[in-house]
Amino acid sequence: MKFFIRVPLKVTLFGEHAVVHGKPAIASTLPIHVSIEAMDIDGDRLIITFNNVLLPIESLALDRKNTKIIEVKTNEETIKKFINYITTALDICEDEVRPGKRKGFLIDLKSPVPTGVGLGTSAAVSVGTIMLCLASYLSTTDVEKNLVAKLSWATEQRVQGAASPMDTYTITFGGIRYIDPSTPKAEFIESPIKMNFIIGYTQKRFTTGMLVRVVKERLRKLQSMTHIIDAIGGVVEEAKNYILRGDVESVGMLMNINHGLLDALGVVTQEHHVIVNMLREAGALGAKTSGAGGGGAFIALARDEKHAEILKSVVKTLGATVVATSLGFSGVEI
Ligand code: PMV
């Protein structure tokens with residue numbers, strides 16, 4: 001059977017890092033996608049191509065039994081990283097639906113943005129692979145999304161050591177989602193008016209895992225850090241209410257507060273300070289680092305569509321890449 005899966009990328013609006021420590025967060029899908037074309041193949045082999053790079057087949061034939069990569073003859077970090085998520089997702093899915101069984105797949109992945117910039121490429125690959133695996137084993141495209149989200153989150157946890165359900169749940173269900181990590185639950189929240197965001201990224205110097213560990217370590221040492229995490233949780237609750245009311249001025253102010261709190265956690269780079277300040281000077285209602293920090297993604301709230309175009313040109317002059325000027329609606333589709 002042949003499958004085509006479209007997996008949206010995501011942006012965090014509020015609550016990153018604090019969500020790892022039990023606080024809620026708000027994230028949204030973006031109208032840009034990782035696409036996965038796949039088919040079942042004989043044996044338990046995996047053949048993966050990425051952005052049309054067809055690597056020598058022997059270098060990508062993996063021993064699925066031990067989920068060990070026999071050999072990857074490439075220095076492409078992105079491919080190595082994706083392979084880890086794909087093999088882990090398949091193991092978790094097969095253990096859930098067909099314990100002991102291993103199928104072979106040919107998977108062609110395409111991503112419009114590089115991995116590890118805070119826009120959810122790893123989560124998208126996890127969600128897409130889980131969707132593929134469930135559809136293939138259960139012989140249906142009508143796959144239960146709660147199961148997709150649950151198994152994708154387990155994939156991220158196993159690969160990264162620690163991960164909140166924010167990225168995987170948002171990407172599975174789509175739109176703006178209020179994530180309660182304790183349940184976990186992904187509540188759809190909708191603004192009555194269109195909010196015009198610009199979303200972009202700069203190079204990210206540290207991995208999410210490293211930044212999560214840094215914050216954890218500081219939390220262990222400093223009592224004051226607990227108050228910052230609590231304050232972020234409060235910002236998220238307030239932001240949810242203002243999004244639901246369509247009060248963009250207040251949403252923007254809360255984005256600025258959240259950025260300040262991320263700075264207090266120690267994850268905002270000098271480059272992002274410059275970008276965020278320039279965006280505010282140019283009239284953004286709010287601007288913040290988005291995701292784990294250490295560079296990577298940022299998001300700003302514009303006054304209208306025309307203003308979003310102005311903000312876009314401002315950040316381009318600073319060397320950042322803009323990927324979207326609106327949020328997305330859909331989750332993973334097969
Ligand atoms: O990997 P990123 O940059 O999309 O951000 C992850 C957000 C964190 O809250 C820092 C980690 C998590 O698992 O939620």
Side-chain angles (χ1 to χ4, degrees), residues 7-30 32 34 77-78 81-82 84-85 111 113-127 149-150 152-172 177-186 199-219 225 228-229 232-233 235-236 258-259 261-269 271-272 288-299 320-321 323-324 327-328:
V7 203
L9 296 179
K10 67 90 220 187
V11 64
T12 311
L13 299 172
F14 295 97
E16 49 276 270
H17 283 290
V19 69
V20 179
H21 304 282
K23 304 293 173 196
I26 299 172
S28 173
T29 44
L30 292 171
I32 48 173
V34 164
E77 282 310 313
T78 302
K81 199 172 160 191
F82 282 165
N84 201 2
Y85 282 94
S111 171
V113 301
T115 181
V117 294
L119 295 170
T121 45
S122 309
V125 169
S126 304
V127 170
K150 186 182 111 179
S152 309
W153 181 30
T155 303
E156 286 229 310
Q157 285 174 303
R158 191 179 293 178
V159 175
Q160 293 166 204
S164 79
M166 177 176 68
D167 288 11
T168 39
Y169 276 69
T170 302
I171 287 173
T172 302
R177 295 278 162 178
Y178 169 88
I179 308 291
D180 175 355
S182 62
T183 349
K185 199 177 71 188
I199 297 102
Y201 68 89
T202 61
Q203 216 189 342
K204 189 165 145 179
R205 278 185 235 116
F206 307 97
T207 65
T208 296
M210 283 156 99
L211 292 151
V212 167
R213 277 194 295 281
V214 166
V215 171
K216 237 184 208 163
E217 186 55 30
R218 286 182 190 159
L219 249 172
M225 291 286 281
I228 298 167
I229 297 291
I232 294 175
V235 166
V236 172
N258 198 158
H259 182 77
L261 293 168
L262 285 172
D263 188 27
L265 289 182
V267 298
V268 177
T269 59
E271 189 184 16
H272 268 218
K288 68 184 277 288
T289 287
S290 169
F298 60 85
I299 178 164
T321 307
V323 294
L327 302 179

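Just so you know, ligand 1 is whichever comes first in the structure, and atom 1 is the first atom listed for that ligand. Hydrogens, waters and symmetry mates are skipped; everything else that's a heavy atom, side chains included, is used. Predicted model only: the values in this text are computed from it and were never measured.
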Engineer: Number the atoms of ligand 1 from 1 as they appear, then name those within less than 4.0 Å of a heavy atom of Met166, with their elements.
Structural biologist: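 Taking each heavy atom of Met166 in turn, ligand 1 has 7 (C), 14 (O) under 4.0 Å.
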Engineer: Between Val267, Thr208, Leu262, which one has a non-hydrogen atom sitting closest to atom 1 (O) of ligand 1?
Structural biologist: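 Residue with the shortest heavy-atom distance to the ligand atom: Thr208.
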Engineer: Give the numbers and elements of all ligand 1 atoms closer than 4.0 Å to a heavy atom of Gly118.
Structural biologist: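 Close to Gly118: 2 (P), 3 (O), 4 (O).
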Engineer: Within the side chain of His17, is there an N or O that forms a donor-acceptor pair under 3.5 Å with the backbone of Ala292?
Structural biologist: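 Yes.
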Engineer: Considering the heavy atoms of Asp167, write down every atom of ligand 1 situated less than 4.0 Å from one of them.
Structural biologist: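 Counting from 1, the qualifying ligand atoms are 4 (O).
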Engineer: Does Lys150, at its NZ atom, have more than 12 non-hydrogen atoms belonging to other residues, nucleotides or ligands within less than 6.0 Å?
Structural biologist: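 No, because the 6.0 Å sphere around NZ of Lys150 holds 12 heavy atoms or fewer from other groups.
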Engineer: Heavy-atom contacts with Val19 under 4.0 Å: which atoms of ligand 1 show up? List them by number with element.
Structural biologist: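 Heavy-atom distances to Val19 below 4.0 Å select 9 (O), 14 (O).
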Engineer: Taking the side chain as C-beta and beyond, is there a heavy-atom pair between Leu119 and Val323 under 4.5 Å?
Structural biologist: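 Sidechains of Val323 and Leu119: in contact.
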Engineer: Answer yes or no: does an N/O atom from Gln160 fall short of 3.5 Å to an N/O atom of ligand 1?
Structural biologist: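 No, Gln160 has no N/O under 3.5 Å of an N/O on ligand 1.
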Engineer: Go through it in stages, so that I can follow the logic: the residues are Lys23 and Val236, the test is side chain to side chain contact (heavy atoms under 4.5 Å, CB included), and I'd like the CA-CA distance, side-chain angles, deciding distance and then a yes or no.
Structural biologist: CA-CA 8 Å; Lys23 304 293 173 196; Val236 172; over 6 Å; no
Engineer: Measure the shortest side-chain to side-chain distance between Val267 and Val214 over non-hydrogen atoms and say whether it is less than 4.5 angstrom.
Structural biologist: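 In short, these two side chains do not touch, never coming nearer than 4.5 Å.
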Engineer: For atom 12 (C) of ligand 1, which protein heavy atom lies nearest, and how many Å away is it?
Structural biologist: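 Checked against all protein heavy atoms, atom 12 (C) of ligand 1 sits closest to Ser164 OG, 3.4 Å.
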Engineer: Evaluate whether atom CD of Gln203 has more than 12 neighbouring non-hydrogen atoms of other residues, nucleotides or ligands under 6.0 angstrom away.
Structural biologist: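 No, CD of Gln203 has 12 or fewer neighbouring heavy atoms, counting only those of other groups under 6.0 Å.
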Engineer: Could you list the atoms of ligand 1 found under 4.0 angstrom from a heavy atom of Gly291?
Structural biologist: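 The atoms of ligand 1 under 4.0 Å from a heavy atom of Gly291 are 3 (O), 5 (O).
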Engineer: If only side-chain N and O atoms count, and only distance matters, is there a donor-acceptor pair under 3.5 Å linking Ser290 with Lys288?
Structural biologist: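 No, no side-chain donor-acceptor contact under 3.5 Å.
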Engineer: Which is closest to atom 5 (O) of ligand 1 in terms of heavy atoms, Ala292, Ser290, Ala123?
Structural biologist: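 Ranked by closest heavy atom to atom 5 (O) of ligand 1, first place is Ala292.
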Engineer: What do we get for Lys204 next to ligand 1 when only non-hydrogen atoms under 4.0 Å count, side chain, backbone, both or neither?
Structural biologist: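 Side chain only.
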Engineer: Which one holds for Thr12 and ligand 1: side chain close, backbone close, both close, or neither close, with close meaning a heavy atom under 4.0 Å?
Structural biologist: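 Answer for Thr12: neither.
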Engineer: Can you check side chain to side chain contact (heavy atoms under 4.5 Å, CB included) on Val212 and Gln160, steps first, answer last?
Structural biologist: CA-CA 10 Å; Val212 167; Gln160 293 166 204; over 6 Å; no
Engineer: If you measure from atom 4 (O) of ligand 1 to every heavy atom of Glu16, His17, Lys10, Gln157, which option wins on shortest distance?
Structural biologist: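 Ranked by closest heavy atom to atom 4 (O) of ligand 1, first place is Lys10.
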Engineer: For ligand 1, is any non-hydrogen atom under 4.0 Å from Val20's backbone (N, CA, C, O), its side chain (CB onward), both, or neither?
Structural biologist: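 Side chain only.
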